[in-house]
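Right, one structure below, let's go through it.
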Amino acid sequence: MDLTDAQKAELSSAKARRESLAADPQRPTYHFAAPTGWLNDPNGLIQWDGQYHLFYQHNPHAAKWGPPYWGHAVSDDLVHWKDLPIALTPDMSPEDAGGCWSGCAVNDNGVPTFVYTGVETDRTGKQTTCLAFGDGELLNWQKYEQNPVARWPKDLNVIRNAYRDPYVWREDDTWYQVVVTAFDDRGQALLYRSQDLKTWDYLHPLIPQELRDALSDEGSIWECPNFFALGDKHVLIVSLAGECLQYPVAFIGEYRDYQFYPESMGRVDHGYHCFYAPLTMRDDQGRMLMWGWLQEQRSGEAQLSASWSGMISPPRVLSLENNTLKSEPIEELKSLRQEHFQVEKLEFGKGLKKLDLKGRALELTLSLNFKEANEAGIVLALAEDESEGLYILYNREQGSLSAEPRSPNREEGIWSSRPYTCPLELESNTLNLRIFLDGSVAEIYAQGQCLTCRLYPDKSSQRVALISDGTTYLEKLEAWTMKNIWSNSERL
Ligand code: FRU
């Protein structure tokens with residue numbers, strides 16, 4: 001790898017900064033977080049020379065949002081990551097002095113190209129589509145001197161400067177771009193066309209406006225669109241931003257004559273404010289992979305004093321079933337499994353049943369048969385005195401799975417104030433869960449749905465327990481401690 005001295009110094013500083021945070025119990029050990037500082041959306045996902053490149057919205061100066069840089073990491077296996085030098089820096093050029101906001105990466109005939117959002121001045125500045133070109137190693141990036149390459153159409157009444165997060169694909173030798181915006185106080189996606197990525201023609205709203213008007217009014221602003229074919233349908237994922245909304249949804253429907261006709265809409269993840277701004281990429285195995293930003297649920301001061309904020313989920317594999325988007329963890333995560341723990345064929349009654357299992361970096365699978373219980377599940381990160389823990393419960397009467405971090409500290413504005421729920425119909429009265437716990441995040445998979453939540457228990461809260469309100473039968477529980485992806489990560 002051809003690194004300049006300045007880049008080598010940047011990487012050894014990143015390594016030292018990572019190590020300085022390694023003892024923080026809230027810090028993930030197998031989810032990606034920035035070395036230090038702030039991280040939000042995944043950006044520019046691309047496979048290049050067989051490696052996966054992840055770029056991300058990043059403020060390297062403090063653990064709070066600031067004019068975004070594009071951080072960069074690379075992986076051979078989607079599991080172990082290696083930091084690379086920052087790829088984009090907001091600079092004094094008028095197009096992105098307010099930051100290099102989200103966007104994507106494409107391979108333009110051998111030239112790695114970012115299509116990103118330039119923001120002029122600050123958060124309120126004008127937003128446009130800009131380009132940057134990379135070298136063969138994706139290490140050095142040059143902004144296009146004729147930026148910006150696309151702006152909002154003048155005749156649309158776009159509000160709050162919302163025009164951002166370009167998502168680009170190639171169709172019949174032509175480039176297409178959707179950017180999200182808001183006009184008439186509703187989120188919408190606009191479609192553009194180009195032959196060379198440098199000159200774009202605005203076509204029309206991706207969803208015919210009369211159809212958009214008829215859809216629910218969710219999302220006064222849309223962010224971070226993804227538009228792709230899946231099975232015999234098309235999927236549009238957008239993140240809904242607004243007064244109190246902050247979650248992504250997937251519309252599934254038909255794409256014809258360059259317009260999209262949604263037939264159904266559903267949540268991409270059932271966590272609340274915990275999984276946002278996902279970005280997708282089709283890899284060379286044909287999998288449609290989705291990464292998301294795992295937002296913090298603790299106060300701004302707590303984030304600043306921790307010196308880091310935000311994680312990226314390991315990619316999830318997307319599929320469609322009956323017009324519903326399903327996501328599953330990637331197979332590669334199994335390579336992190338270490339010590340194995342197993343219990344099976346265990347009947348237990350009302351209350352907590354502590355297991356001989358502890359950890360804050362675990363993968364668990366379990367299969368519970370409800371017998372007489374109405375509500376049963378598992379508790380993670382449980383304190384020995386039971387004063388706090390993450391309660392993952394299925395309630396048969398309500399037909400929903402919930403995850404609730406319970407802690408005395410919650411009132412201090414550190415934890416989310418809502419339990420997270422996901423409607424779920426059990427097959428043969430049996431709940432099957434697959435859970436990834438890592439420091440302060442839990443991703444809970446059930447029947448192709450995922451519920452992500454953040455929790456910030458004390459370092460010593462490590463116990464795993466079963467819980468129920470009546471007789472329940474544990475068919476099987478397996479658990480593995482998970483390897484730390486950062487030990488031995490210095491492979492430059
Ligand atoms: C989503 C988002 C994007 C924007 C970026 C700025 O989290 O608001 O719309 O490009 O973050 O950091």
Side-chain angles (χ1 to χ4, degrees), residues 4 6-7 10 13-14 34-44 55-72 84-106 112-135 138-154 156 158-168 177 179-182 190 192 194 197-200 202 221-225 239 241 276-277 279 293 300 303-304 309-310:
T4 62
Q7 287 173 326
E10 182 185 337
S13 147
T36 50
W38 169 270
L39 165 155
N40 59 298
D41 316 351
N43 291 153
F55 300 88
Y56 54 93
Q57 292 281 282
H58 183 36
N59 176 5
H61 306 297
K64 62 174 189 189
W65 189 92
Y69 294 59
W70 278 34
H72 186 187
L84 289 178
I86 283 175
L88 286 184
T89 300
D91 57 26
M92 297 328 287
S93 56
E95 302 76 42
D96 64 24
C100 304
W101 287 28
S102 287
C104 60
V106 292
T113 305
F114 288 154
V115 188
Y116 70 99
T117 311
V119 179
E120 289 178 8
T121 65
D122 57 20
R123 235 181 208 286
T124 57
K126 216 176 245 169
Q127 304 172 359
T128 57
T129 297
C130 294
L131 300 180
F133 310 110
D135 60 14
L138 277 58
L139 282 176
N140 299 292
W141 293 84
Q142 289 300 327
K143 292 176 188 166
Y144 180 44
E145 64 281 339
Q146 287 175 50
N147 277 338
V149 295
R151 298 173 177 279
W152 62 58
K154 288 206 178 59
L156 288 183
V158 175
I159 57 159
R160 285 185 253 167
N161 286 343
Y163 175 90
R164 58 178 177 268
D165 309 337
Y167 182 91
V168 171
Q177 170 188 186
V179 282
V180 274
T181 182
L190 304 178
Y192 287 70
S194 170
L197 296 172
K198 292 174 179 149
T199 315
W200 291 91
Y202 170 61
I221 292 183
W222 286 0
E223 300 187 306
C224 300
S239 289
Y276 194 67
L279 185 62
W293 166 32
Q303 295 172 50
L304 273 175
S309 173

remark   = Smallest heavy-atom separation, L39 atom then G310 atom, equals CD2-C, 3.7 Å
message = Please enumerate all residues that pass side chain to side chain contact (heavy atoms under 4.5 Å, CB included) together with L156, with sequence neighbours excluded.
response = P153, V158, F183, L190, Y202
task = With the side chain counted from C-beta on, respond yes when Q57 and N43 share a heavy-atom pair under 4.5 Å apart, and no when they do not.
result = yes
remark   = In short, G71 meets I86 closest at the heavy-atom pair CA-CG1, 4.5 Å
request  = Could you check whether the rings of F114 and W141 sit parallel, tilted or perpendicular, using 30° and 60° as the cut-offs?
outcome  = parallel
message = So does L88 get a backbone contact from the side chain of K143, meaning a donor-acceptor N/O pair under 3.5 Å?
response = no
message = If the condition is salt bridge (charged side-chain N to carboxylate O under 4.0 Å, His left out), which residues does E223 pass it with, not counting sequence neighbours?
response = R164
query = Where is the tightest heavy-atom contact between C104 and P166, given as atom of each residue plus distance?
reply = SG-O, 3.5 Å
query = Which heavy atom of P67 sits nearest a heavy atom of A97, and at what distance?
reply = CB-O, 4.4 Å
ask   = With no hydrogens and no angle check, is any side-chain donor or acceptor of Y163 less than 3.5 Å from a backbone partner on R151?
value = yes
query = With distance as the sole criterion, is a donor-acceptor pair present between the side chains of D135 and Q142 under 3.5 Å?
reply = no
inquiry  = Check whether S194 reaches the backbone of T199 with its side chain - one donor and one acceptor, N or O, closer than 3.5 Å.
reply    = yes
message = So does W38 get a backbone contact from the side chain of H58, meaning a donor-acceptor N/O pair under 3.5 Å?
response = yes
query = Does the pair W65 and W293 meet the rule for a ring pair (Phe, Tyr, Trp, His ring centres under 6.0 Å), with working shown?
reply = CA-CA 13 Å; W65 189 92; W293 166 32; over 10 Å; no
ask   = What's the spacing between S102 OG and N40 CG if we round to 0.5 Å?
value = 6.0 Å
message = Is a donor from one side chain sitting under 3.5 angstrom from an acceptor on the other, for Y276 and D41?
response = no
inquiry  = Between T181 and V179, is there a side-chain heavy-atom distance shorter than 4.5 Å?
reply    = no
query = Is there a side-chain contact between V180 and C224, using heavy atoms and a 4.5 Å cut-off?
reply = no
ask   = Counting distance only, does the side-chain N/O of T117 pair as donor-acceptor with the main-chain N or O of T129 below 3.5 Å?
value = no
ask   = Would you say W70's side chain and C100's backbone share a donor-acceptor pair under 3.5 angstrom?
value = yes
request  = Indicate whether the side chain of T128 and that of E95 have a donor and an acceptor atom separated by less than 3.5 Å.
outcome  = no
request  = Kindly indicate whether the side chain of C130, heavy atoms from C-beta on, has any atom under 4.5 Å from the side chain of V149.
outcome  = no
query = For the side chain of D96 and the backbone of G118, is there at least one donor-acceptor N/O pair under 3.5 Å apart?
reply = no
From CZ (F55) to CG (L84), nearest 0.5 Å = 8.0 Å
remark   = When every non-hydrogen atom of A63 is compared with those of Q303, the smallest separation belongs to CB-O, 3.3 Å
query = Using 30° and 60° as the class limits, which term best fits the ring planes of Y144 and F133: parallel, tilted or perpendicular?
reply = perpendicular
query = Within the distance-only criterion (no hydrogens, no angle test), does the side chain of N147 pair as donor or acceptor with the backbone N or O of L131 below 3.5 angstrom?
reply = yes
task = Look up atom NE2 in H72 and atom CG in L138, then write down how far apart they are to the nearest 0.5 Å.
result = 5.5 Å
query = Which heavy-atom pair separates P90 from G99 by the least distance, and what is that distance?
reply = CB-CA, 3.7 Å
request  = First locate atom OG1 of T4, then atom CG of N140, and finally report the distance between them rounded to the nearest 0.5 Å.
outcome  = 7.0 Å
